[in-house]
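This report concerns only the one structure given below.
Since the model is a prediction, treat every value here as computed from it, not as a measurement. In what follows, every heavy atom counts, from backbone to side chain, and hydrogens, waters and symmetry copies are set aside.
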Amino acid sequence: MDASFNVGETLTITGVPKPNAKNFIVNICSSDSDIALHVNPRFNHYDDIRKVVFNSCQGGTWGKWSYGQSFPFEEGKEFEISIEFKSAEFLVILPDNSVFRFPNRLGAEIYPMIFVDYDVRITSFKIK
């Protein structure tokens with residue numbers, strides 16, 4: 001999606017995980033190989049069952065993986081995720097209102113690309 005995301009803005013995504021979902025992603029990027037924030041709710045993907053995984057990727061190389069404390073997603077049930085872009089970090093607010101802080105490792109103040117993909121149907125997408 002071509003929608004630039006700037007410091008001080010909040011991205012809110014509403015969607016529904018598909019039946020038998022394995023995982024879906026929300027990526028905030030400056031290019032295909034430079035991902036400032038990778039949010040990956042995993043129902044059953046790789047060795048992760050019901051975990052939310054966070055990372056960044058620079059020049060195609062993934063950083064250190066981080067895991068959220070909760071998994072507030074259900075197949076077929078609508079959810080809302082908000083991401084607040086502070087200069088030094090992203091605040092990811094999950095559907096249960098838990099907050100995960102992730103550093104802005106790439107350091108940019110504008111990210112021109114946002115991808116949402118895999119086992120999810122998006123019903124709303126807003127940047128304010």
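No side-chain heavy atom of K77 sits under 4.5 Å from any side-chain heavy atom of P17. Taking the side chain as every heavy atom from C-beta outward, F43 and D48 never approach each other to under 4.5 Å.
Evaluated for a side chain to side chain donor-acceptor pair (under 3.5 Å) with Y111, the options D34, N27, N6, N104 yield exactly one hit, N104. Partner of V92 under the side-chain contact (heavy atoms from CB on, under 4.5 Å) criterion, chosen from V26, L11, L37: L37.
For the side chain to side chain donor-acceptor pair (under 3.5 Å) test, residues two or more places apart in sequence or in another chain that qualify with N40 are N23, R42. Residues passing the side-chain contact (heavy atoms from CB on, under 4.5 Å) test with N44 are I49, sequence neighbours excluded. S70 pairs by the side-chain contact (heavy atoms from CB on, under 4.5 Å) definition with P72, L94, D96, S98, not counting sequence neighbours. Applying the ring pair (Phe, Tyr, Trp, His ring centres under 6.0 Å) test to F54 and every residue at least two apart in sequence or in another chain returns F100.
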| field | H38 and N55: CA distance, side-chain angles, deciding distance, side chain to side chain donor-acceptor pair (under 3.5 Å) verdict | value | CA-CA 5 Å; H38 170 77; N55 206 344; over 6 Å; no
| request: Dump the intermediate steps for ring pair (Phe, Tyr, Trp, His ring centres under 6.0 Å) on F90 and F102, then the final yes or no. | output: CA-CA 5 Å; F90 298 94; F102 192 82; 7.3 Å; no
| said: side chain to side chain contact (heavy atoms under 4.5 Å, CB included) for F5 and I110? Distances and angles first, verdict last. | reply: CA-CA 6 Å; F5 191 32; I110 297 176; over 6 Å; no
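Between the side chain of T123 and the backbone N or O of T14, at least one donor-acceptor pair lies under 3.5 Å.
Following chains of ILVMFWY side-chain contacts shorter than 4.5 Å, one cannot reach L106 starting from V53, and the two form parts of different hydrophobic clusters.
Heavy atoms only, all atoms of each residue included: F125 and I13 are closest at CD1-CG1, 3.9 Å. Here the shortest heavy-atom pairing between I127 and E9 reads CG2-OE1, 3.3 Å. The heavy-atom pair separating E89 from R101 by the smallest distance is OE2-NH2, 3.0 Å. Between W62 and S56 the shortest heavy-atom distance is CE3-O, 3.3 Å. The heavy-atom pair separating G63 from R105 by the smallest distance is CA-NH1, 3.8 Å. Nearest heavy atom pair, residue E75 against residue A21, reads CD-N, 3.8 Å.
Few gaps surround CZ on R50; more than 12 heavy atoms of other groups in view lie less than 6.0 Å from it.
Put simply, OG on S30 and CD on Q58 are 8.5 Å apart, with the number rounded to the nearest 0.5 Å. Atom NZ of residue K126 and atom OG1 of residue T12 lie 6.0 Å apart, to the nearest 0.5 angstrom. The structure places NZ of K22 at 7.5 Å from CG of N20, a figure rounded to the nearest 0.5 Å. Atom CD1 in I114 sits 13.0 Å away from atom CD1 in I35 (nearest 0.5 Å). Remark: I28 CD1 to S4 OG distance equals 11.5 Å, nearest 0.5 Å.
Listed by chain and number, the hydrophobic cluster partners of V99 are L91, I93, where partners are ILVMFWY side chains within reach of under 4.5 Å, directly or through others.
Sorted by first and then second residue, the ring-ring contact (aromatic ring centres under 6.0 Å, His included) pairs involving residues 13-32 (not counting sequence neighbours) are F24-F73, F24-F79.
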